[in-house]
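Below: the structure, in structure tokens.
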Amino acid sequence: MRCILVIGPIHAGVFGPGELDPSFGSEYEFVRGPGTVGIPNASPPPNLHSFGSAEVDEAGKLTVSIRDITGEVLYPQELTPKK
């Protein structure tokens, strides 16, 4: 499984979701933006700031999370190393 998480600078405006190029089978798994919460595109929005965090446990499992401005986890993704 390949996972790519993308999150922009905390001071950036939010737009989207946009169309993905289907060439490589890309798909959205989590989207949080103006179009998903009923507000217009904004720069920067008053309530859609988010940031990413990453943790690695002793077994090597990587947990990457997208969090809202309060720190609440909006979308976690766990990746376990192959042995």
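With a 4.5 Å cut-off on side-chain heavy atoms, Lys61 and Glu55 do not count as touching.
Annotation: side-chain hydrogen bond (donor to acceptor under 3.5 Å, both in side chains) contacts of Ser53 (sequence neighbours excluded): Arg67. For Asp21, the side-chain hydrogen bond (donor to acceptor under 3.5 Å, both in side chains) partners two or more places apart in sequence, or in a different chain, are Ser23.
Asp68 contributes atom CG, which lies 7.5 Å from atom CZ of Phe51 (distance to the nearest 0.5 angstrom). Taking OG from Ser65 and CD from Glu72, the interatomic distance works out to 11.5 Å, rounded to the nearest 0.5 Å. Put simply, CG on Asp57 and CG on Leu62 are 9.0 Å apart, with the number rounded to the nearest 0.5 Å.
Across every non-hydrogen atom of Pro81 and Ala59, the tightest pair is CG-O, 3.8 Å.
Counting non-hydrogen atoms of other residues, nucleotides and ligands closer than 6.0 Å to OH of Tyr28 gives a total above 12.
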Run the numbers on Gln77 and Phe30 for side chain to side chain contact (heavy atoms under 4.5 Å, CB included), then give the verdict. CA-CA 10 Å; Gln77 184 71 40; Phe30 175 80; over 6 Å; no
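Both Val56 and Val64 are part of a single hydrophobic cluster, where members link through side-chain heavy atoms under 4.5 Å apart.
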